[in-house]
Amino acid sequence: MDEAFFAKRISNALKWREGRFGGSFRIVNAESDFLPGLIIDKYEDALAIQMLTWGMEQQKETIIAASERVLSPKAIVLRNESPAREDEGLPHQTQVVKGDLKQETIVKMGPLRFLVDLISGHKTGFYFDQRENRLLTKEFASDAAVLDCFSYTGAFGVHALFYGARRATFVDSSARALELARENLRINKLSGGEFIKADVFDFLKSGVNEYDLVILDPPSFIKSKKKVKEGEKGYIDLHKKALRRLAQGGSLFTFSCSHHMKRQRFRDLLRIAAYAKADVYLVRELTQSPDHPVMLTIPETEYLKGLILRVLRR
Ligand code: SAH
């Protein structure tokens, strides 16, 4: 494998995405772009690259050179800090290898702008995989009281406010994420935000019936096959609590990004959580953004499952 090899695969990946997602999107999504262990995300003029396997790490310089050749970025940061690297015996490493990168960059996402921390944000800084799903809040946001759980930098709630929500409560355990969420409201000239640093499970305990739209976008609770039972209990508990907070006829956007949670099982768990408490309509099934392509021939490439539900409380 040489620079030409990587340049060809990167440009194939780009060809298919160019013009579809604006200036910020995932260019290389590992297996789905025939480059297992390699992630390349584009944040306007900057690239954030992750090498997640030993093999890709060995090709570091070649990959950087090929990315420069095909994508001509102004800056490149290596965000080599995923837990997956520990399994490969690789150290965590964040390094700006080209340009002078500002820690915080503003990216355009459809009608909105978001501040992204390219040095210490989660993953490579922003969750592109929810891009289209956030736009769907439009249908449900008008005059709504919104609860954005596991909000990270607020992308779901910011969309809901933009589409006419009356107010949005952002809940996350990370103070830094909430600080950026607050900024994201400001740069989009939106008001009506409330920012709560808390464990979502605790936050959901008190109060009933107040929100017209609830978003649940948790991190993966099920990290390995051995943890499936425990993780499933977590999902049931989370949804029981969230259902209580929804107003009559309210809507729930809920997601699981765990590889070990199958789509049908996710539905089943929601059914279990709702039994005897609510009648739940399945409005729409959701998946990951197409810049994280699903290959039918590699089922593991589909990881994000989402449902929009309308909830009638009993
Ligand atoms: N919805 C976000 C992405 C969520 S990522 C978006 O659209 O960009 C998951 C978030 O959950 C992270 O920000 C993490 O800090 C937060 N988190 C993880 N466990 C939590 C918990 N128990 N309570 C509150 N927040 C939690």
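Both counts, for ligands and for their atoms, begin at 1 and track the order of listing. As the structure is a computational prediction, the values presented were derived from the model and not from experiment.
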Could you identify the single nearest non-hydrogen protein atom to atom 7 (O) of ligand 1 and state the distance to 0.1 Å? R134 NH2, 2.9 Å
Can a donor-acceptor pair be found, under 3.5 Å and without considering hydrogens, that links the side chain of E104 to the backbone of L115? no
Donor-acceptor under 3.5 Å (K305 side chain, S258 main chain): yes
Give a yes/no verdict on whether any heavy atom in D172 is under 4.0 Å from an atom of ligand 1. yes
Can you label the angle between the F221 ring and the F201 ring as parallel, tilted or perpendicular, going by 30° and 60°? tilted
Give the single entry among R131, K197, H122, H159 that approaches atom 12 (C) of ligand 1 most closely by any heavy atom. H122
Can you tell me the protein heavy atom closest to atom 19 (N) of ligand 1 and the distance? P219 CG, 3.8 Å
CG of D117 to NZ of K102, rounded to nearest 0.5 Å, is 13.0 Å
Taking 4.0 angstrom as the limit and counting only heavy atoms of F156, give me the atoms of ligand 1 inside it, by number and element. 1 (N), 7 (O)
Is R245 positioned over the aromatic face of F203, cation under 6.0 angstrom from the ring centre and no more than 45 degrees off axis? yes
Salt bridge or not between K205 and D202? Use side-chain N to carboxylate O under 4.0 Å. yes
Any sub-3.5 Å donor-acceptor pair from S24's side-chain atoms to E44's backbone N or O? yes
So if I count the atoms of ligand 1 from 1 in the order they appear, which ones are less than 4.0 Å from some heavy atom of Y127? 3 (C), 5 (S), 8 (O)
Do me a favour and list the nearest non-hydrogen protein atom to atom 22 (N) of ligand 1 with residue, atom name and distance? D199 OD1, 3.4 Å
Verify the ring-centre separation between F156 and F255: is it less than 6.0 angstrom? yes
Do any heavy atoms of A198 fall under 4.0 Å from ligand 1? yes
Indicate yes or no: does an N/O atom of D217 lie under 3.5 Å from an N/O atom of ligand 1? yes
Nearest neighbour in protein (non-hydrogen) for atom 25 (N) of ligand 1: S173 N, 3.0 Å
The protein heavy atom nearest to atom 23 (N) of ligand 1 is V200 N, 2.9 Å
N or O pair under 3.5 Å between F150 and ligand 1: yes
